[in-house]
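Notes follow once the structure below has been shown.
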Amino acid sequence: MSTQAARVATLLTRGEPGSQVVVAGWVRTRRDSKQGFSFIELNDGSCMANLQIVVDGNVPGFTEIKSDLTTGSSVHVAGELKESPGAKQRVELHAASLELLGTADADEYPLQKKRHSFEFLREIAHLRPRTNTFGAIARVRNCVCRAIHEFFQSRGFLNVQTPIITTSDCEGAGEMFTVTTLLHESIAARGETKVPGPGTAASPPSTLNFQNDFFGKRASLTVSGQLEAEIFATSLGPVYTFGPTFRAENSNTARHLAEFWMIEPEVPFCDLDGDMQLAEAFIKSIVQASLDECREDMEFFNERIDNTVLGTLQNILDHEFKRISYSEAVDIVTSTDRTWEYPVKWGDNLQAEHERFLTEEHFGQPIIVFDYPRTIKPFYMYCNDDGRTVRAMDVLVPRVGEIIGGSQREHRLETLDLRLRECGLDPADYWWYRDLRRYGSVPHSGFGLGLERMLLLLTGMQNIRDVIPFPRTPKHADF
RNA sequence: UCCCCUGUAGCUCAAUCGGUAGAGCGAGCGGCUGUUAACCGCUAGGUUCGAGGUUCGAGUCCUCGCGGGGGAGCCA
């Protein structure tokens, strides 16, 4: 085991026939021949494809362990790489030695040599990365994360770490998870020594005095790093955050998670037009990187998950995102002869059915809707001169819907205070946010991209719970 | 949180009007084969999600609970 194993991906693409190599991974399937030799499909997660191992019956110890080389077992193999006479692979490994590292009882191992439903695999999230689909998702997700950093770093953006525990309420972003130690203290006060685990019927005190809490005031898990990102953007130039985000909404859909990852750029001296340009270039760069760097995985998604994926992505690369104002969007939706479950009028939120119609049918490509009514948007968005709209924008894409939400920020102190009060908020609570407007205020803009929604777009997967390794949703936080 | 659907073998699903529990895949065994979604034969595998109820009789009908899916709202 002292030898560093080669990766299957490297061997399949660049492995030299005749070279001595060592590999390690998990058996996907084994086929035995009458002559006593076997074919083993070995997967090590480095790529979709398996490496075919040919094991002759006279390999030391092979006949003894052969029956244990079942789907899911792990092995360490050394041998010579040879050109393969088979049509489906360029090279194969002829084993000189083969060591069984761990068995996987075929009667019990949940992953069979057959197709499983995603619902079933979600129940065995600790094993699903061993499947083709979830391996591909993990690799694409990794590629996307790298592409995101590269996009911003190459443009001089600074990566800023905004807090996960926060006492600022980014109004409009939804319910927050409270972070508290008061439960521990109340339990200690009752003379109990152990804190009940999740799911135990702990009875919290009827009233919580957060002045006695760890932070001396109510603290929560962040729903957005935007307000803090603005601090650095108005000091250091363009910045971006890339971190986990938490929403305690009781949302039970294929597009919502209680814990998800969000990327939030914030750019000083930038208006909404610049913000929209940045959003479009950003999405296109991620799409391009996935197609360039994960070709095999992307073709798998197109073949086995959703055969419109590659077409949709190419369409995204080939066209400018269509920009329409909220007012135009309402006009289009109301002037079509379709009947809507929820009729819209100016001032209403666009419903999912309207957004889908616009991006999937009417335009057939990603669109950016901008200048929304101020009454349906949060306090921090820049107020237009018309007195009734704010400089907000949503990027809508086919099948997924809203993938980016952003805005130009209100940088005029008087207008900000007006809006805070209009939204029923106390300007005093936002004293540091207001200071950014009192001292050297500048126009600035930003947006948030949901990483998992981006992955839905890229992979064609239907459920957001399947594009994050360990999904957290109401009633679900296993693994 | 609301509306609709659903829960049967390890997995995916059948089971007519309420009348003896079935198939495919997977697994085990055997056969065949430089194989590769392998193929052929045989075998095993069930508290039909749980608790009540209606009925001579419940997988099937009713009530409640729990789980899963789809849609909606909230949003990324």
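Per chain, numbering begins at 1; letters A, B, ... match sequence-line order.
Evaluation of the side-chain contact (heavy atoms from CB on, under 4.5 Å) rule for A/Q365 yields A/N315, A/H319, A/K322, A/F363 as partners, not counting sequence neighbours. Under the side-chain contact (heavy atoms from CB on, under 4.5 Å) criterion, A/A352 pairs with no residue, sequence neighbours left out.
Here A/L257 lies in heavy-atom contact (under 4.0 Å) with a base. Across all strands, A/T253 comes closer than 4.0 Å to base atoms (heavy-atom distances). Residue contacts shown for A/R30 are absent, as no nucleic acid heavy atom lies under 4.0 Å away.
Regarding A/H476, its NE2 atom lies at a distance of 7 Å from the P atom of B/G67, rounded to whole Å. When the P atom of B/G28 is taken as reference, atom CG of A/L69 falls 12 Å away, rounded to whole Å. Rounded to a whole Å, the CG atom of A/N463 is 13 Å from the C1' atom of B/G71. Between the CG atom of A/D32 and the P atom of B/C40 there is a distance of 18 Å, given to the nearest Å. If you take CD of A/E264 and P of B/C75, they are 15 Å apart, rounded to a whole angstrom. What separates CE of A/M176 from P of B/A76 is a distance of 13 Å, to the nearest Å.
Put simply, CD on A/E299 and SG on A/C294 are 11.5 Å apart, with the number rounded to the nearest 0.5 Å.
Salt bridge A/R374/A/E422: present, at least one basic N to carboxylate O contact under 4.0 Å. The pair A/R391-A/D275 does not meet the salt-bridge criterion, since no charged nitrogen lies less than 4.0 angstrom from a carboxylate oxygen. Under a 4.0 Å N-O distance rule, the pair A/D32/A/R30 qualifies as a salt bridge. Comment: A/R356 does not engage A/E361 in a salt bridge, judged by the lack of any side-chain N to carboxylate O separation of less than 4.0 angstrom. With salt bridges taken as basic N to acidic carboxylate O contacts below 4.0 Å, one links A/R323 and A/E280. Salt bridge annotation for A/E41-A/R31: present, with a cationic side-chain nitrogen under 4.0 angstrom from a carboxylate oxygen.
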- Message: Across nucleotides 5-12 of chain B, 5' to 3', mark each nucleotide with B, S or - according to how protein heavy atoms within less than 4.0 Å reach it.
- Response: -----BBS
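Screening A/H149, A/E266, A/E264 against A/Y240 for a side chain to side chain donor-acceptor pair (under 3.5 Å) leaves a single residue, A/H149.
Side chain of A/K113, nearest nucleotide from B/A38, B/G68, B/A76: B/A38.
The gap from the P atom of B/C5 to that of B/C42 amounts to 42 Å, rounded to the nearest Å. For the C1' atoms, the distance linking B/U1 with B/U48 amounts to 32 Å, nearest Å.
Between A/Y380 and A/Y382, the ring center distance fails the sub-6.0 Å criterion. The aromatic ring centres of A/F152 and A/F242 sit 6.0 Å or more apart.
Checking A/I376 against A/T70, the closest nucleotide of RNA chain B that is more toward the 5' end is the one next to A/T70. Judged by closest nucleotide on RNA chain B, A/S67 is the one of A/S67 and A/L449 placed further toward the 5' end.
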- Task: Starting from the C-alpha separation in whole Å, work towards a yes-or-no answer on side-chain contact (heavy atoms from CB on, under 4.5 Å) for A/L42 and A/N50.
- Result: CA-CA 5 Å; A/L42 184 87; A/N50 304 319; 5.8 Å; no
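A/T245 and A/W261 form no side-chain donor-acceptor contact under 3.5 Å, judged by distance and modelled atom types alone.
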Atom pairs, N/O to N/O, protein against nucleotides 34-36 of chain B, distance under 3.5 Å?
from	atom 1	to	atom 2	distance (Å)
B/G34	OP2	A/Q35	OE1	3.2
B/G34	OP2	A/Q35	NE2	3.4
B/G34	N1	A/E92	OE1	3.4
B/G34	N1	A/E92	OE2	2.6
B/G34	N2	A/Q52	NE2	2.9
B/G34	N2	A/E92	OE1	2.4
B/G34	N2	A/E92	OE2	3.2
B/U35	O2'	A/R31	NE	3.1
B/U35	O2	A/R31	NE	2.8
B/U35	O2	A/R31	NH2	2.7
B/U35	N3	A/Q52	OE1	2.9
B/U35	N3	A/Q52	NE2	3.1
B/U35	O4	A/Q52	NE2	2.8
B/U35	O4	A/Q89	NE2	3.4
B/U36	O4'	A/R31	NE	3.2
B/U36	O4'	A/R31	NH1	3.4
B/U36	O4'	A/R31	NH2	3.2
B/U36	O2	A/Q52	OE1	3.4
B/U36	O2	A/Q89	OE1	3.2
B/U36	N3	A/Q89	OE1	3.4
B/U36	N3	A/Q89	NE2	3.3
B/U36	O4	A/A87	N	3.1

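Listed by residue number, there are no residues of residues 8-20 of chain A with a heavy-atom contact under 4.0 Å to RNA chain B. Near RNA chain B, defined here as any heavy-atom distance below 4.0 Å, the residues from residues 341-357 of chain A are A/Y342, A/N349, A/Q351, A/A352, listed numerically.
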